[in-house]
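Note sheet for the following structure.
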Amino acid sequence: MLDKKYNAQEKEEKWLNYWKENKIYEFKPDQRKVFSIDTPPPTVNGKIHIGHIFSYSQTEMIARYKRLRGFNIFYPFGFDDNGLPSERLVEKEQGKKAHEIGREEFSKLCYETTDKYEAEFQELFSKMGVSTDWNIHYKTVSPSTIKISQSSFLDLINKGHCYHKESPALWCNECLTSIAQAELETKTIQTTFNYINFKTVETSEEFTIATTRPELLPAIVCVFVNPSDEVHNHLIGKTAHVPIINVEVPIMADEKVAIDKGTGVVMCCTFGDQTDIEWWKKYNLPLKYIFTDNGKIIDEVPNYGGLKIKEARKQIIEDLTDGGYVVKIKELEHEVQTHERCGKEVEYAVMNQWFIDTTSHKKDFLKIGEEIKWYPTHMRNRYDEWVNNIMWDWCISRQRYFGVPFPVWYCKTCGEPVFARVMDLPVNPLVDKPHIDSCKCGCTEFIPETDVMDTWATSSVTPLINMRYGEEENFESFLKPMSLRTNASEIIRTWDFYTIVKSFYHFGMRPWDNVMISGFAKASDGNKISKSKGNSKVEPLDIINEYSADVVRYWAGSGRLGTDINYSEETLLRGRKLVNKLWNVAKFIEMHLADYEEKEFETYEYIDKWILGKYQEMESGFIKYLDDYEVGLALNTLEKFFWNFCDNYIEIVKHRLYRLEEFGEVPRYSGQKTVYTLLYKLLQDFSIFFPFITEEIYQELYHDNKSIHLTQIDPLNFDFSNEIKNGDIMIDIISQARGEKTNNNVSLKTPIKHFELSVNEELADAINKSIKDFKATLTIQSLKMSQNDEVYKINNIELEIENQD
RNA sequence: GGGCGUUUAGCUCAGUUGGUUAGAGCAUCUGCCUUACAAGCAGAGGGUCUGCGGUUCGAGUCCGUAAACGCCCACCA
């Protein structure tokens, strides 16, 4: 017997244990077709917020749907614990910087900390009913994933897609590491536009350059004007004298100079921005690099050496002003590139870095983007746009401690890199020795690479991790490609793109068939949830405890795919209402199935045919939505049907179920069979969203399998279109009659003494076929029906109202 | 500045391929303890579908355009 009230806390725990003990979600290769899901390994950086719950739930629902459709679900969970986010977490917890702690000790702390948070993450995701097989979960710094990341690296080296080069790279002097273009975040800041007077050496003609970064004056290598700038183009070919610094640089022409920006004359420094780098490369300009790694001016620069960038800026403006070189200083609000992990402005540094070529195969990457089906389709535009606009190769080396080491040493004499052999992986060059004793040049000493790989360099190999790339026992046969990748739109340019890059280079093919992109969960104020804004006041655990995981999933599963949703108490309440209703209707149905036996049956009552037909109609839409990964729309459709089922069908059939003598055995059995069949199907459908309560009801009422989650959806195949049409009209009539009672302020059980109705022939037939149901539902004592051409018209309703004296 | 999306009831959102009177939930108001459910049931009020223009017999839906908001990117001289 189902309990009078459903206790979510207790039942959810019970079924979690049951699923675990009975290995309900275990993955084992068998004869079934595999549906594989490449789901984002969450960054283990402290806290999960409701945004995670949102997007992971939607993926999870797809896993459940596909399982119900008979697929063998390969759905491993991962944790992205390597790299800068983890390091920053540890630094924050320790209150110390990594270099103060020391490499070895720091790595140890990183492992311990990520382990701790991983356990918390796992518990929370479990609580949400994530149907993953935890036995095949992975983390991005374990020995086996390090091995795969390293062997991926070596494969790209062999194929010539990965190279080592001294080159300008984006540099964060807060995190003391190079970063990738994708890690940039734009921020608006207040600064000043400084107009500084220069002179030509040849004619001592004055001209003005406007700059936001006067501290780069010592790094100046050239001055540019636009050749079609009539005011300034006579300067081209002359030499500029740089104030204060007292150096002379050439004045050159380039079309990229915007005539209307600043004064139309630009100084080119190495490096202030990307254009500087382009010019530096294009015109083979000299390199004057004036910053240290941690954001100071190098000591070699007179007067300013040792100063921090901003101090130097202040100082140099003062000096320029004193020398009379400053024409004006204008307040300016402009946008700068910052490092997304720490928010600090980035600089450019010239050093040896490892790069993966992302710029010379754009066409191939676009072609793969075309081969993959994107859901919703417009998300592909974001991918295309990113690929088309990539300007840099992907810098994958990071001057950090915690991550996948490069399997590389360098010859001490000639600098030639020595790569580890695949058979020796995983290697840590700081500890392990290269497999050769001496370099070609004869030198026997090797210097280990100390850099580690960018975190995306590792997470971009999740399909490889999943397929156990390079292992003897692997899943390559059914994971090339994987069925589905899911993630939120913000990481299309990183995770999706990099995975495609790697898959193309390794296998020359797409990594997955389908990509499902979710939107964002936003705070209830409609803004993006972010720690810096502090607007994620809602803790996932709190709302699970308050509303149950099923109800939180309801919230997460609502809305259209790819569309942002707000955290909404209202939606949770609505979900709670729905779950509660499901429980109550199950109790009602259970009550009337005590004497039910499953047997062949054809002669359904009219109104039973109506609801079966309505279900079938809904079911085909439901399946279509889920096949398009539209979880929320599927839920919407299902919910709508369900309320109709409860409020209309159950209200009709209840009389037949209660009153055997009056209605007879066969009509009653028809009702029993209908509710038995439909509740089963409704439970299956709802199990995608509410895995817990549906299991509880299923186990109590049906129990023909170990779990509802191992059953299969078997779509109905009736032809009840006539019943659907006329049944709907009957519901309409019933609704109007109910309204009549309500408007007279009487209860719905108040009898209707006389009911006069004119209907067309078709509807008359329908009502006659369900006359007992119809009369019982409205408590009609006498019904008079006349034929008419219009569909129907209610001529008279006479209620039996007692005098209230 | 570019790309993509969003804009529908007071609030949160649905609305398949254009097709009668645009739908839910919450909130408001009015009834009803009805042999599953008062965390319920039955009703009512509430909308120039962001503005403008167009295609069409017919537009919330298609096209163009403007605005607001969101995400991503570019813009550091």
Side-chain angles (χ1 to χ4, degrees), chain A residues 2 4-5 181-182 184-186 189 191 193-194 209-213 216 223-224 256-258 261-269 272-276 279 332 334-337 345-346 376 378-382 384-386 388-389 391 488-493 519-520 522 524 526-528 558-560 562-571 573-592 621 624-625 628 630 632-633 635-637 639-640 643 646-647 650-651 654 658-659 735-750 779:
Chain A
L2 296 172
K4 186 155 168 42
K5 291 265 174 196
Q181 188 186 348
L184 295 176
E185 197 174 78
T186 311
I189 60 153
T191 184
F193 214 9
N194 308 283
I209 290 179
T211 177
T212 54
R213 302 212 47 191
L216 281 169
V223 168
F224 282 101
K256 226 188 153 177
V257 179
K261 206 164 182 179
T263 60
V265 189
V266 191
M267 62 179 197
C268 172
C269 308
D273 65 12
Q274 204 159 303
T275 315
D276 287 345
W279 282 332
L332 179 74
H334 80 153
E335 305 208 308
V336 292
Q337 301 284 17
E345 288 173 47
V346 298
H378 65 80
M379 290 296 178
R380 202 187 110 205
N381 295 333
R382 295 200 178 200
D384 287 355
E385 217 234 335
W386 175 254
N388 281 323
N389 288 311
M391 285 177 294
S489 55
E490 63 178 345
I491 52 174
I492 290 174
R493 68 191 168 115
F520 288 101
K522 294 186 292 183
S524 37
N527 284 313
K528 189 177 167 182
S558 63
R560 248 174 340 182
T563 308
D564 300 344
I565 71 167
N566 292 349
Y567 172 77
S568 151
E569 205 86 15
E570 285 171 2
T571 307
L573 289 168
R574 182 177 172 161
R576 181 152 79 183
K577 223 176 104 149
L578 177 59
V579 166
N580 190 45
K581 192 74 174 178
L582 185 58
W583 184 254
N584 284 318
V585 81
K587 273 194 322 191
F588 173 82
I589 289 171
E590 180 187 35
M591 213 164 78
H592 295 283
K624 191 170 154 278
Y625 278 138
D628 284 340
E630 286 284 2
L633 299 185
L635 174 56
N636 216 295
T637 308
E639 185 178 356
K640 200 171 154 197
W643 287 102
C646 293
D647 294 341
I650 293 289
E651 287 303 321
K654 72 199 297 183
Y658 272 118
R659 307 207 291 264
S735 174
Q736 295 214 22
R738 283 173 176 168
E740 189 65 22
K741 293 183 184 184
T742 299
N743 291 337
N744 281 287
N745 297 346
V746 296
S747 106
L748 291 178
K749 66 175 181 183
T750 305
T779 49

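Worth knowing before you read on, the calculation uses all heavy atoms, side chains too, and leaves out hydrogens, waters and symmetry mates. Each chain gets a letter, A, B and so on, in the order the sequences are listed, and its residues count up from 1.
Between A/Lys640 atom NZ and B/rG25 atom C1' the separation is 13 Å, expressed in whole Å. In this entry the distance linking NZ of A/Lys4 with P of B/rG40 reads 14 Å, nearest Å. Taking atom CG of residue A/Asn388 and atom C1' of nucleotide B/rC72, one finds them 15 Å apart after rounding to whole Å. Between the CZ atom of A/Phe193 and the P atom of B/rC76 there is a distance of 10 Å, rounded to whole Å. In this structure, the CG atom of A/Asn580 is 16 Å from the P atom of B/rG25, given to the nearest Å. Distance, A/Ile491 CD1 to B/rC4 P: 22 Å, rounded to whole Å. In this structure, A/Leu573 atom CG and B/rA27 atom P are separated by 8 Å, rounded to whole Å. Note: NZ (A/Lys624) to P (B/rU17) measures 7 Å, nearest angstrom.
A/Lys577 has no side-chain polar atom (N or O) that falls below the 4.0 Å cut-off from OP1 or OP2 of B/rC37. Side-chain nitrogen and oxygen atoms of A/Gln736 include none within less than 4.0 Å of the OP1 or OP2 phosphate oxygen of B/rG43. A sub-4.0 Å separation between OP1 or OP2 of B/rC71 and a side-chain N or O of A/Arg382 is absent. OP1 or OP2 of B/rC75 sits under 4.0 Å from a side-chain N or O of A/Gln337.
Note that CG of A/Leu2 and CD of A/Glu590 are 4.0 Å apart. Values are rounded to the nearest 0.5 Å. With rounding to the nearest 0.5 angstrom, the CG atom of A/Leu573 is 12.0 Å from the CG atom of A/Asn580.
Residue contacts for A/Cys646: at a heavy-atom cut-off of 4.0 Å it reaches a base atom on one of the strands shown. Using a 4.0 Å heavy-atom distance criterion, A/Asp384 is classed as making no nucleic acid contact. Nucleic acid contact class of A/Leu633 (heavy atoms, under 4.0 Å, all strands): sugar-phosphate only. The residue A/Gly262 sits apart from the nucleic acid: no heavy atom pair falls under 4.0 Å. Base engagement by A/Lys581 is indicated by at least one non-hydrogen atom pair under 4.0 Å involving a base atom. Within 4.0 Å of A/Thr263, counting heavy atoms only, lies no atom of the nucleic acid at all. When heavy atoms are screened at a 4.0 angstrom cut-off, A/Ala258 is found touching base atoms of the nucleic acid.
B/rU28 and B/rA39 have their P atoms separated by 15 Å, with the value rounded to a whole Å. Comparing the C1' positions of B/rC26 and B/rG46 gives an interatomic distance of 14 Å, to the nearest angstrom. B/rA9 and B/rG15 have their P atoms separated by 15 Å, given to the nearest Å. When the C1' atom is compared between B/rC72 and B/rA44, the two are found 46 Å apart, to the nearest whole Å. Distance check on atom C1': B/rG45 versus B/rC52 gives 31 Å, rounded to whole Å. Here the separation of B/rU20 from B/rU30, taken at their C1' atoms, is 30 Å to the nearest Å. Rounded to a whole angstrom, the distance from the C1' atom of B/rU7 to that of B/rC13 is 12 Å. Going from the P atom of B/rG25 to that of B/rA14 covers 16 Å, rounded to whole Å.
When distances are taken from the side chain of A/Trp386 to each of B/rC76, B/rA42, B/rC73, the shortest belongs to B/rC73. Set against B/rG43, B/rC72, B/rC76, the side chain of A/Ser735 has B/rG43 as its closest nucleotide. Here the nucleotide nearest the side chain of A/His378, chosen from B/rA74, B/rG5, B/rA42, is B/rG5. Checked against B/rC71, B/rG15, B/rC41, the side chain of A/Ser489 finds its nearest nucleotide in B/rC71.
Taking the nucleotide of RNA chain B with the nearest heavy atom to each of A/Asn584 and A/Val346, the more 5' of the two is matched to A/Asn584. Nearer to the 5' terminus of RNA chain B, by closest-nucleotide assignment, is the contact made by A/Trp643 (compared with the other of A/Glu345 and A/Trp643).
Judged as a side-chain hydrogen bond (donor to acceptor under 3.5 Å, both in side chains), and not counting sequence neighbours, the contacts of A/Arg213 are A/Glu215, A/Glu347. Qualifying side-chain hydrogen bond (donor to acceptor under 3.5 Å, both in side chains) partners for A/Asn194, counting only residues two or more places apart in sequence or in other chains: A/Thr192. Annotation: salt bridge (Lys or Arg N to Asp or Glu O under 4.0 Å) contacts of A/Asp273 (sequence neighbours excluded): none. Applying the side-chain hydrogen bond (donor to acceptor under 3.5 Å, both in side chains) rule to A/Asn584 yields the partners A/Lys587; only residues at least two apart in sequence or on another chain are considered. In this structure, A/Lys640 has no salt bridge (Lys or Arg N to Asp or Glu O under 4.0 Å) partners at least two apart in sequence or on a different chain. Taking A/Tyr625 as the reference, nothing meets the ring-ring contact (aromatic ring centres under 6.0 Å, His included) condition, with sequence neighbours excluded. For A/Glu570, there are no side-chain hydrogen bond (donor to acceptor under 3.5 Å, both in side chains) partners at least two apart in sequence or on another chain. For A/Arg574, the salt bridge (Lys or Arg N to Asp or Glu O under 4.0 Å) partners are A/Glu639, not counting sequence neighbours. Residues satisfying the salt bridge (Lys or Arg N to Asp or Glu O under 4.0 Å) test with A/Arg560, not counting sequence neighbours, are none.
The closest side-chain heavy-atom distance from A/Asp647 to A/Lys581 is below 4.5 Å.
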Write out a two-atom table: protein N or O, nucleotide N or O from nucleotides 7-13 of chain B, distance below 3.5 Å.
unit_1 : atom_1 : unit_2   : atom_2 : d
B/rU12 : O4'    : A/Glu570 : OE1    : 3.3

Show each protein N/O and nucleotides 32-35 of chain B N/O combination with a separation under 3.5 Å, one pair to a line.
unit_1 : atom_1 : unit_2   : atom_2 : d
B/rU34 : OP1    : A/Lys749 : NZ     : 3.1

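Listed by first residue number, the stems of RNA chain B with at least three Watson-Crick or G-U pairs below 3.5 Å are B:1-7 with B:67-73, B:10-13 with B:23-26, B:28-32 with B:40-44, B:50-54 with B:62-66.
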### Query
Run the side chain to side chain contact (heavy atoms under 4.5 Å, CB included) check on A/Leu216 and A/Thr211 step by step: do they pass?
CA-CA 9 Å; A/Leu216 281 169; A/Thr211 177; over 6 Å; no
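For the residue pair A/Lys741 and A/Thr779, a side-chain donor N or O sits within less than 3.5 Å of a side-chain acceptor on the partner.
A/Lys654 approaches A/Phe588 most closely through the heavy-atom pair CB-CZ, 3.5 Å.
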